[in-house]
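Each remark here refers to the structure printed beneath this line.
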Amino acid sequence: MWAHRGARRRAPENTLEAFRLALALGADGVELDARRSADGVVVVHHDVAAPGFGVLADRPFAELRAARPDIPTLDEALDACTGALVNVEVKNLPGERDYDPGDRVAALVAERLLGRGGDDVVVSSFNLATLDRYRQLDPGRPTGLLTLRGFDPRDALALAADRGHAALHPDVRGLRRLAPALVERAHALGLAVHVWTVNDAARIRRLAAAGVDALITDVPDLAARALGR
């Protein structure tokens with residue numbers, strides 16, 4: 001069970017506080033969002049822009065640190081999660097103000113992770129081209145394709161398998177009653193299934209019984225209880 005942006009119901013999301021609290025509450029790992037500053041520092045933030053600062057990719061990291069010291073770098077987040085799994089979601093979507101068709105953020109994340117070594121990390125993205133690019137740069141690390149509610153998870157699974165990715169990360173709202181068959185098919189193909197975002201105790205138990213490999217949740221304390229921990 002992975003905490004979505006940390007324990008975001010009890011601490012500011014995507015902060016060191018939220019990550020540490022999530023692990024203290026029983027999460028096996030955390031999910032976080034990776035973006036870049038103008039000078040190529042990988043930072044952890046969900047949105048393109050930060051309140052009180054603006055678009056992260058438009059300004060250098062020193063200015064971000066001065067204005068928003070609560071926004072960590074990827075290295076700081078990984079250090080806070082030592083010993084736990086970290087799902088790094090690489091943000092690079094067409095239409096967003098920091099979109100880069102050259103996938104610079106994927107290269108920056110790969111550089112950081114390869115340079116560190118030893119971290120237990122899964123890299124995911126909604127952008128298949130970005131995910132493919134990351135896998136080219138760091139082929140030894142597991143990668144997972146994220147999908148939204150309207151994307152048929154069976155089609156997404158076939159696509160992820162065809163591109164050589166290790167996992168599918170489907171939106172729980174798109175699963176309906178497909179979970180057991182989807183998990184069975186994924187495992188037959190050698191892929192894991194990591195479902196987001198699951199906050200209902202009964203659904204957590206059903207998906208665990210269906211054999212999903214990880215549940216991504218906003219409420220790690222509730223999820224831990226639902227899983228009998």
Side-chain angles (χ1 to χ4, degrees), residues 1-8 10-48 50 53 56-57 60-62 64-65 68-92 98 103-127 130-131 133-146 165-167 169 192 194 196-197 213-218 220 223-224:
M1 173 262 292
W2 307 342
H4 184 224
R5 308 179 207 165
R8 63 193 298 255
R10 297 178 56 171
E13 66 174 46
N14 275 327
T15 61
L16 303 183
E17 178 188 1
F19 301 145
R20 292 180 178 127
L21 180 57
L23 299 177
L25 292 172
D28 303 300
V30 302
E31 183 271 354
L32 56 80
D33 304 293
R35 294 190 183 272
R36 60 181 173 85
S37 66
D39 52 348
V41 177
V42 182
V43 296
V44 177
H45 197 260
H46 181 267
D47 296 338
V48 174
F53 183 76
L56 303 179
F61 175 71
L64 174 62
R65 180 49 46 100
R68 291 291 306 271
D70 56 312
I71 296 177
T73 65
L74 178 60
D75 284 292
E76 290 168 342
L78 291 170
D79 288 343
C81 298
T82 298
L85 184 141
V86 179
N87 173 17
V88 176
E89 180 189 337
V90 180
K91 293 287 193 181
N92 189 37
D98 64 350
D103 287 308
R104 183 183 179 205
V105 67
L108 291 168
V109 172
E111 180 182 10
R112 295 310 313 141
L113 294 180
L114 287 167
R116 289 175 58 91
D119 297 305
D120 188 5
V121 173
V122 175
V123 172
S124 63
S125 185
F126 285 105
N127 186 330
T130 297
L131 198 65
R133 177 59 177 154
Y134 186 90
R135 186 169 177 274
Q136 290 174 350
L137 296 167
D138 186 8
R141 194 176 307 279
T143 46
L145 176 62
L146 275 156
H165 298 298
H169 295 211
H194 308 141
W196 67 281
T197 301
D213 299 277
L215 298 164
I216 301 171
T217 182
D218 293 325

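- Ala57 pairs by the side-chain contact (heavy atoms from CB on, under 4.5 Å) definition with Arg36, Val55, Asp98, not counting sequence neighbours.
- Closest of all the heavy-atom pairs between Val105 and Ala34 is CG2-O, 4.1 Å.
- Considering Thr15, Asp218, Asn14, Thr217 as possible partners of Arg8, the one that fulfils the side-chain hydrogen bond (donor to acceptor under 3.5 Å, both in side chains) test is Asp218.
- Side-chain atoms of Ser125 come within 3.5 Å of backbone N or O of Val90 as a donor-acceptor pair.
- Taking SG of Cys81 as the start and CD of Glu76 as the end, the distance is 12.0 Å to the nearest 0.5 Å.
- Thr82 contributes atom OG1, which lies 13.0 Å from atom CZ of Phe19 (distance to the nearest 0.5 angstrom).
- The main-chain N or O of Ala106 is never found under 3.5 Å from a side-chain atom of Asp103 such that the two would form a donor-acceptor pair.
- Using cut-offs of 30° and 60° on the angle between ring planes, the pair Trp2 and His169 is tilted.
- Every residue was checked against the salt bridge (Lys or Arg N to Asp or Glu O under 4.0 Å) condition with Arg133, not counting sequence neighbours, and none meets it.
- Taking CG from Leu113 and OH from Tyr134, the interatomic distance works out to 4.0 Å, rounded to the nearest 0.5 Å.
- Between Asp70 atom CG and Glu13 atom CD the span is 11.0 Å, to the nearest 0.5 Å.
- Atom-to-atom distance recorded for Asp79:CG and Thr73:OG1 is 7.5 Å, nearest 0.5 angstrom.
- For Asp39 and Ser37, the side-chain atoms include at least one donor-acceptor pair closer than 3.5 Å.
- None of Arg35, Glu31, His4, Arg5 except one satisfies the side chain to side chain contact (heavy atoms under 4.5 Å, CB included) rule with Glu89; the exception is Glu31.
- Here the CG-CG distance, from Leu146 to Leu131, works out to 8.5 Å after rounding to the nearest 0.5 Å.
- Salt-bridge formation is not detected for the pair Arg112/Asp119: no Lys NZ or Arg NE/NH1/NH2 atom is positioned less than 4.0 Å from an Asp or Glu carboxylate oxygen.
- Not a single donor-acceptor pair under 3.5 Å links the side chain of Asp213 to the backbone N or O of His194.
- A distance-only check finds a donor-acceptor pair linking the side chain of His45 to the backbone of Asp47 [under 3.5 Å].
- With hydrogens and angles ignored, the 3.5 Å screen pairs no side-chain donor or acceptor of Asp138 with any backbone N or O of Ala110.
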